[in-house]
Asker: 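First, the structure itself, so that you have it in front of you.
None of the values given here were measured: they were computed from a predicted structure.
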Amino acid sequence: MNLQSTDFELFAVPTRFAQDAGQLDARWKALQRQVHPDKFAAQGAAAQRVAMQWSARINEAYRRLKDPLKRAAYLCELHGAPIDAESNTAMPADFLMQQMELREAVDDAADDAAMDEIDRQSISLKREMLLKLERQMDAEQDWPAAAQSVRALMFLDRLAGDVDRKRATLN
């Protein structure tokens, strides 16, 4: 293992958006067994520190590979298309209008039924965006378009958080 390896190399999985969750889980467990600090107890404190560093690196890679948004952003970065969400907020007008309408619906929602409908729409939009990302990344390798889709997915994740917060105030 090499600390400089990409997450994909570390986990011995293809460098692509579509991943097998079961394979990632199994590989994470196998890697953690290899570097567990208890295995290095007889080798002293320095070896245990290195094992802890490896364990942290493996956990970081696992979290990034398991989460579709983090994995997509990471792939864009690896392929020279940084997300730059703080400075690049340009989105298609129709997407922004849709987001504004959904946020207004969240603000206006007065009961769980209204929130359920918004949640259903949000989940559907997210599912569509994930399929679009898979196509852009794995089939087309259109990294600039994928970076914009990642930014759109970030909007959808924030919307889901707003839905959860609003739902909590209704109960």
Asker: Do R64 and L75 touch side chain to side chain, with heavy atoms closer than 4.5 Å?
Answerer: no
Asker: What I'd like to find out is whether the side chain of Q121 reaches to under 4.5 Å of the side chain of Q98, using heavy atoms alone.
Answerer: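 With C-beta onward as the side chain, the pair stays apart.
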Asker: Hey, does the side chain of D138 reach the backbone of A18 with a donor-acceptor pair shorter than 3.5 angstrom?
Answerer: yes
Asker: Sequence neighbours excluded, which residues qualify as ring pair (Phe, Tyr, Trp, His ring centres under 6.0 Å) partners of F155?
Answerer: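 With neighbours one apart ignored, the set is F95.
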Asker: Once salt bridge (charged side-chain N to carboxylate O under 4.0 Å, His left out) is applied, do any residues pair with D157, and if so which ones, sequence neighbours excluded?
Answerer: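 For D157, the residues satisfying salt bridge (charged side-chain N to carboxylate O under 4.0 Å, His left out) (neighbours in sequence not counted) are K126.
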Asker: Of all heavy-atom pairs between I83 and R151, which one has the smallest distance, and what is that distance?
Answerer: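 That would be O-NH1, 2.8 Å.
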Asker: R165: what forms a salt bridge (charged side-chain N to carboxylate O under 4.0 Å, His left out) with it, not counting sequence neighbours?
Answerer: D162
Asker: Can you tell me how far apart CE (M154) and OG (S149) are? Round to the nearest 0.5 Å.
Answerer: 13.0 Å
Asker: Do we see a donor-acceptor contact under 3.5 Å between the side chains of Y62 and D25?
Answerer: yes
Asker: Under the ring pair (Phe, Tyr, Trp, His ring centres under 6.0 Å) rule, collect the residues that match up with Y74, sequence neighbours excluded.
Answerer: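 For Y74, the residues satisfying ring pair (Phe, Tyr, Trp, His ring centres under 6.0 Å) (neighbours in sequence not counted) are F8.
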Asker: Is it true that a side-chain atom of R71 and a backbone atom of F17 form a donor plus acceptor pair closer than 3.5 Å?
Answerer: yes
Asker: Going from CD on Q48 to OG on S55, what distance comes out if it is rounded to the nearest 0.5 angstrom?
Answerer: 12.0 Å
Asker: Between H79 and T15, is a side chain to side chain contact (heavy atoms under 4.5 Å, CB included) present by the stated rule, with each step listed?
Answerer: CA-CA 10 Å; H79 288 92; T15 305; 4.2 Å; yes
Asker: How far apart are the C-alpha atoms of L170 and D111, what are their side-chain angles, what is the distance that settles it, and do they pass the side chain to side chain contact (heavy atoms under 4.5 Å, CB included) test?
Answerer: CA-CA 6 Å; L170 293 175; D111 57 26; 5.5 Å; no
Asker: Ignoring hydrogens, what is the shortest heavy-atom contact between A81 and A147? Give both atom names and the distance.
Answerer: O-CB, 3.8 Å
Asker: With a 4.0 Å cut-off on N to O distance, would you call R167 and D116 a salt bridge?
Answerer: yes
Asker: Backbone N or O of L10 within a donor-acceptor pair of the R27 side chain at under 3.5 Å?
Answerer: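 Yes, the answer is positive, given that a donor and an acceptor are paired below the 3.5 Å cut-off.
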Asker: Are the side chains of L156 and Q99 in touch, meaning some heavy atoms are under 4.5 Å apart?
Answerer: yes
Asker: Between L24 and F11, what is the shortest heavy-atom contact and its length?
Answerer: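 Smallest interatomic distance, heavy atoms only, reads O-CE2, 3.7 Å.
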Asker: Tell me, do M100 and R103 make a side-chain contact under 4.5 Å, heavy atoms counted?
Answerer: no
Asker: Any chance NZ of K66 has more than 12 other-residue heavy atoms, nucleotides or ligands included, within less than 6.0 Å?
Answerer: yes
Asker: Considering only heavy atoms from C-beta outward, does the side chain of L125 approach that of L102 to under 4.5 Å?
Answerer: yes
Asker: Considering non-hydrogen atoms only, spot the tightest contact between A109 and M115 and give its length.
Answerer: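 Nearest heavy atoms, A109 then M115: CB-SD, 3.3 Å.
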Asker: Please say yes or no: joined through hydrophobic side-chain contacts below 4.5 Å, possibly via intermediate residues, are I118 and M97 part of one cluster?
Answerer: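 No, separate clusters.
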Asker: For K166, which residues count as a salt bridge (charged side-chain N to carboxylate O under 4.0 Å, His left out) partner, sequence neighbours excluded?
Answerer: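 Residues passing salt bridge (charged side-chain N to carboxylate O under 4.0 Å, His left out) with K166: none at all.
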Asker: For a 4.5 angstrom cut-off between non-hydrogen side-chain atoms, does C76 reach M137?
Answerer: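 C76 reaches M137 side chain to side chain.
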Asker: Measure the CD1-CG distance between I58 and L65 for me, rounded to the nearest 0.5 Å.
Answerer: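 Spacing of CD1 (I58) from CG (L65) equals 12.0 Å.
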Asker: Sub-3.5 Å donor-acceptor pair from the side chain of Q148 to the main-chain atoms of M91, do we have one?
Answerer: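 No; judged by distance alone, with no hydrogens or angles, the pair does not exist.
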Asker: Considering residues at least two apart in sequence or located in another chain, which fulfil the salt bridge (charged side-chain N to carboxylate O under 4.0 Å, His left out) criterion with D20?
Answerer: none
Asker: For P68 and L130, which heavy atoms make the closest approach, and how far apart are they?
Answerer: CB-CD2, 3.7 Å
Asker: For the residue pair P14 and Q19, what are the closest heavy atoms and their distance?
Answerer: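 Taking every non-hydrogen atom into account, O-NE2, 2.8 Å.
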